[in-house]
Amino acid sequence: YMLPPVLKEFKKQYPEVEIQTAEYNTDLLLEQLSQGRLDVIFIPERNLDSELAYEEIYEEELVLVTGDGVIDRSWCLDGYANVIDWEKIKTMPFAVLKKGHGSRRKCEEIFSSHNIEPVIAFETNSNSTALRMAAEGIVITMVPEMTVRLFQGAQRFNTYSLDKTPVTWKVVAVYRKAAYQNLAQKEFIKIARNIFQGRKDY
């Protein structure tokens with residue numbers, strides 16, 4: 001979901017530059033980057049090897065998604081109209097991303113923080129697929145805010161905050177410290193950052 005607006009703006013500025021893209025889970029992206037097969041990757045922030053550097057692109061909230069009518073506001077914490085009560089949903093079936101994805105790692109951290117052994121009913125490689133499954137009322141899921149934005153108006157579903165303080169993660173551009181960054185690569189990262197931080201100085 002990041003790539004289309006970034007590519008559109010980049011191609012306007014650098015129409016002669018050819019870009020080859022790759023889509024893998026986070027672990028495999030990091031492996032390919034370390035081996036020099038990729039120049040830059042976009043992943044959720046995490047601890048990185050010492051030979052890698054990163055730049056923050058944007059920060060977003062992770063939210064719980066349920067089908068319309070699956071649960072209601074009575075499932076929220078007392079005094080918080082949109083913060084889910086984990087005790088009330090802990091036995092519900094979840095859709096999660098497969099192991100190796102940054103999203104799966106983050107979900108496991110959240111489950112652990114609430115002392116929950118989740119019922120994993122569906123595993124996928126796509127946050128979009130997880131959201132669509134939840135929208136149909138088959139499961140519930142946790143996805144990044146950007147995924148929700150993609151489907152607003154296209155499907156009926158409800159979203160809830162995961163805690164009293166919003167649970168967020170940072171999306172970062174990662175590259176090898178020792179590798180030469182040409183102007184096109186630097187500009188690609190800059191354009192991505194500016195678009196997703198809402199700035200217009202690109």
Side-chain angles (χ1 to χ4, degrees), residues 1-6 21-29 41-46 57-172 195-196 198:
Y1 50 74
M2 284 185 63
L3 203 55
V6 178
T21 63
E23 291 184 86
Y24 306 115
N25 66 42
T26 305
D27 287 351
L28 189 51
L29 285 171
I41 63 174
F42 295 87
I43 62 171
E45 185 180 30
R46 61 189 290 179
I57 302 300
Y58 67 96
E59 186 173 8
E60 64 180 338
E61 184 177 3
L62 276 78
V63 297
L64 183 82
V65 177
T66 72
D68 197 35
V70 171
I71 64 177
D72 58 39
R73 302 302 168 182
S74 67
W75 293 57
C76 292
L77 290 175
D78 290 341
Y80 293 87
N82 201 51
V83 178
I84 200 67
D85 185 338
W86 280 90
E87 280 299 308
K88 293 180 179 177
I89 66 166
K90 64 182 181 180
T91 60
M92 295 190 72
F94 273 87
V96 296
L97 265 64
K98 294 179 180 179
K99 288 187 179 294
H101 286 276
S103 179
R104 174 62 175 264
R105 183 187 299 266
K106 185 67 173 180
C107 286
E108 289 176 346
E109 290 175 5
I110 294 168
F111 290 136
S112 178
S113 70
H114 292 280
N115 297 312
I116 288 175
E117 289 289 338
V119 179
I120 305 298
F122 184 74
E123 292 182 306
T124 177
N125 284 312
S126 165
N127 281 311
S128 297
T129 300
L131 183 145
R132 291 197 300 269
M133 293 284 287
E136 293 296 334
I138 302 168
V139 292
I140 63 177
T141 193
M142 290 180 281
V143 298
E145 186 180 9
M146 191 68 68
T147 307
V148 170
R149 291 182 190 174
L150 284 175
F151 286 91
Q152 281 180 334
Q155 284 190 274
R156 290 177 61 85
F157 55 82
N158 295 316
T159 62
Y160 300 87
S161 291
L162 301 174
D163 211 329
K164 296 173 186 177
T165 301
V167 176
T168 63
W169 71 3
K170 293 178 181 179
V171 175
V172 296
I195 286 176
F196 288 96

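Just so it is clear, the model here is predicted, and its values are computed rather than measured.
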**Those residues that, when tested against Phe111, pass ring pair (Phe, Tyr, Trp, His ring centres under 6.0 Å) (two or more places apart)** = Phe94
**Prompt:** Tell me, do Lys88 and Ile71 make a side-chain contact under 4.5 Å, heavy atoms counted?
**Reply:** no
**Request:** Answer with yes or no whether the side chains of Trp169 and Glu59 bring together a donor and an acceptor at under 3.5 Å.
**Result:** no
**Request:** Please list, chain by chain and in numerical order, all residues satisfying side chain to side chain contact (heavy atoms under 4.5 Å, CB included) with Leu150, sequence neighbours excluded.
**Result:** Tyr1
**Request:** Answer yes or no: are there more than 12 heavy-atom neighbours, outside Arg73 itself, under 6.0 Å from its atom CZ?
**Result:** yes
**Request:** Before giving the answer on side chain to side chain contact (heavy atoms under 4.5 Å, CB included), spell out for Phe42 and Val6 the whole-Å C-alpha distance, their side-chain angles and the decisive distance to 0.1 Å.
**Result:** CA-CA 12 Å; Phe42 295 87; Val6 178; 5.9 Å; no
**Asked** Are there more than 12 heavy atoms of other residues, nucleotides or ligands under 6.0 Å from atom CG of Asp72?
**Response** yes
**Request:** Answer yes or no: is there an ion pair linking Arg105 with Glu109, defined by an N-O contact shorter than 4.0 Å?
**Result:** no
**Request:** For side chain to side chain contact (heavy atoms under 4.5 Å, CB included), just list the numbers for Val167 and Lys106, CA-CA rounded to whole Å, side-chain angles, deciding distance to a tenth of an Å, and then say yes or no.
**Result:** CA-CA 10 Å; Val167 176; Lys106 185 67 173 180; 3.9 Å; yes
**Note: Arg104-Glu108 ion pair, threshold 4.0 Å (strictly below)** = yes
**Worked check of side chain to side chain contact (heavy atoms under 4.5 Å, CB included) between Lys90 and His114** = CA-CA 9 Å; Lys90 64 182 181 180; His114 292 280; over 6 Å; no
**Request:** Only one of Leu162, Leu131, Thr159 passes side chain to side chain contact (heavy atoms under 4.5 Å, CB included) with Val63; say which it is.
**Result:** Thr159
